[in-house]
Amino acid sequence: MHILLFGASGHVGTGLARRLGRDHRITGIVRRPPEPETPYTPVVVPDWVDEPEQVLTALAAADLDQVDAVIAAIGGWFIDEPVLERGLSKFDEDYADYLRGHFTACTVSERLAQTGPRAQSGSRPLVHLALNGVASVEALSGSGAISVFGAAQNMLIRVAAAESTTADFHELRIMAPVGGDDRNDLSGGVETIALDEVAAAVESIVRSPDRFEVCTAIGAND
């Protein structure tokens with residue numbers, strides 16, 4: 001399976017590429033050239049969030065195999081001032097980093113599903129899987145913008161799934177901090193979920209999307 005990965009250079013994205021790359025071909029969309037060795041084939045598109053057409057052009061120029069699945073591991077999290085004290089400019093930046101990026105990734109998936117051999121062959125739809133987190137269902141103080149845009153992302157995927165006739169849209173909501181990230185605040189005994197578990201859930205959904213609801217959640221004790 002050929003998987004296109006948005007957010008490939010991040011902690012979760014790189015971890016997924018390393019694990020899924022054992023059995024699949026991984027192409028990562030990145031803003032700048034990565035370090036010499038990566039667990040994915042990088043395709044550099046500096047303005048991909050604002051220019052989805054540039055992603056499609058870059059993929060065509062790279063002469064890659066047909067994309068079977070798209071994974072959007074976009075964004076992350078932070079602890080900052082209360083959301084209403086951060087100001088409009090920071091709110092706009094958060095929107096660009098999170099929801100706008102997911103919208104662009106969905107747009108790319110829809111276009112890929114509508115073109116190329118898949119569109120003529122009647123083969124299984126392209127699978128789009130967006131990753132989300134606990135902030136999308138809990139109002140996390142200090143991470144308010146992520147809560148706002150995470151909740152909106154969930155609805156974006158639900159609407160895309162309802163409207164699309166060519167791509168199969170899904171969301172995986174990770175209900176615990178992902179292990180190995182130094183930014184995690186684990187005070188108070190917060191449990192983490194291992195990247196191996198995240199990768200296993202991702203693999204299950206992209207391989208057999210019909211077995212899952214549009215939105216699936218996994219936690220530290222699953």
Is there a path of hydrophobic side-chain contacts, each under 4.5 Å between heavy atoms of I, L, V, M, F, W or Y residues, that connects [X] with [Y]?
X: Phe169; Y: Ile205; value: no
X: Leu88; Y: Leu99; value: no
X: Val30; Y: Leu16; value: yes

Closest non-hydrogen atom pair, [X] against [Y]:
X: Ala135; Y: Ile146; value: CB-CG2, 3.9 Å
X: Asn132; Y: Gly150; value: ND2-O, 2.9 Å
X: Leu140; Y: Val134; value: CD1-CG1, 4.2 Å
X: Val202; Y: Ile71; value: CG1-CD1, 3.4 Å
X: Thr166; Y: Ala113; value: O-CB, 3.5 Å
X: Ala8; Y: Thr14; value: O-OG1, 2.7 Å

Using the side chain to side chain donor-acceptor pair (under 3.5 Å) criterion, which residues pair with [X]? Sequence neighbours excluded.
X: Thr27; value: His2
X: Ser164; value: Glu110
X: Gln54; value: none
X: Arg100; value: Asp50

Measuring from atom [atom1] of [X] to atom [atom2] of [Y], what distance do you get when rounded to the nearest 0.5 angstrom?
X: Ile174; Y: Leu195; atom1: CD1; atom2: CG; answer: 8.5 Å
X: Leu56; Y: Arg111; atom1: CG; atom2: CZ; answer: 5.0 Å
X: Leu64; Y: Thr41; atom1: CG; atom2: OG1; answer: 7.5 Å
X: Leu126; Y: Gln66; atom1: CG; atom2: CD; answer: 8.0 Å
X: Leu20; Y: Met1; atom1: CG; atom2: CE; answer: 9.5 Å

Steps toward side-chain contact (heavy atoms from CB on, under 4.5 Å) verdict (Met175, Val137): CA-CA 9 Å; Met175 301 297 287; Val137 294; 3.5 Å; yes

Could you pull out all residues at least two apart from [X] that satisfy salt bridge (charged side-chain N to carboxylate O under 4.0 Å, His left out)?
X: Asp65; value: Arg25
X: Asp23; value: none
X: Asp196; value: Arg19
X: Asp168; value: none

Stepwise side-chain contact (heavy atoms from CB on, under 4.5 Å) test for Val127 and Asp68: CA-CA 7 Å; Val127 179; Asp68 301 299; over 6 Å; no

Determine all donor-acceptor pairs shorter than 3.5 Å in which one atom belongs to a side chain in residues 206-218; sequence neighbours excluded.
residue, atom, partner, partner atom, Å
Arg207, NE, Glu203, OE2, 2.5
Arg207, NH2, Glu203, OE2, 3.2

Run the side-chain contact (heavy atoms from CB on, under 4.5 Å) test on Leu59 and Ile29 for me, step by step, so that the C-alpha distance in whole Å, both residues' side-chain angles and the decisive distance to 0.1 Å come before the verdict. CA-CA 9 Å; Leu59 291 174; Ile29 300 298; 4.3 Å; yes

Do Arg31 and Val49 pass the side-chain contact (heavy atoms from CB on, under 4.5 Å) test, and can you show the C-alpha distance, the side-chain angles, and the key distance before you say yes or no? CA-CA 9 Å; Arg31 295 176 185 267; Val49 172; 3.2 Å; yes

With ring-ring contact (aromatic ring centres under 6.0 Å, His included) as the rule and sequence neighbours excluded, what pairs involving residues 32-68 come up? Phe6-Trp48

My understanding is that only residues two or more places apart in sequence, or in another chain, count here; which of them pass side chain to side chain contact (heavy atoms under 4.5 Å, CB included) with Arg86? Phe78, Asp80, Glu81, Lys90, Asp94, Ala145

Looking at Ser147, is its backbone amide N or carbonyl O close enough to the side chain of Ser136 to form a donor-acceptor pair, meaning the two atoms are under 3.5 Å apart? no

Distance-only criterion, 3.5 Å: show the donor-acceptor pairs between side-chain atoms of residues 152-163 and protein atoms not counting sequence neighbours.
residue, atom, partner, partner atom, Å
Gln153, OE1, His102, NE2, 3.1
Gln153, NE2, Leu131, O, 3.0
Gln153, NE2, Glu171, OE2, 3.3
Asn154, OD1, Arg158, NE, 3.1
Asn154, ND2, Glu171, OE1, 2.8

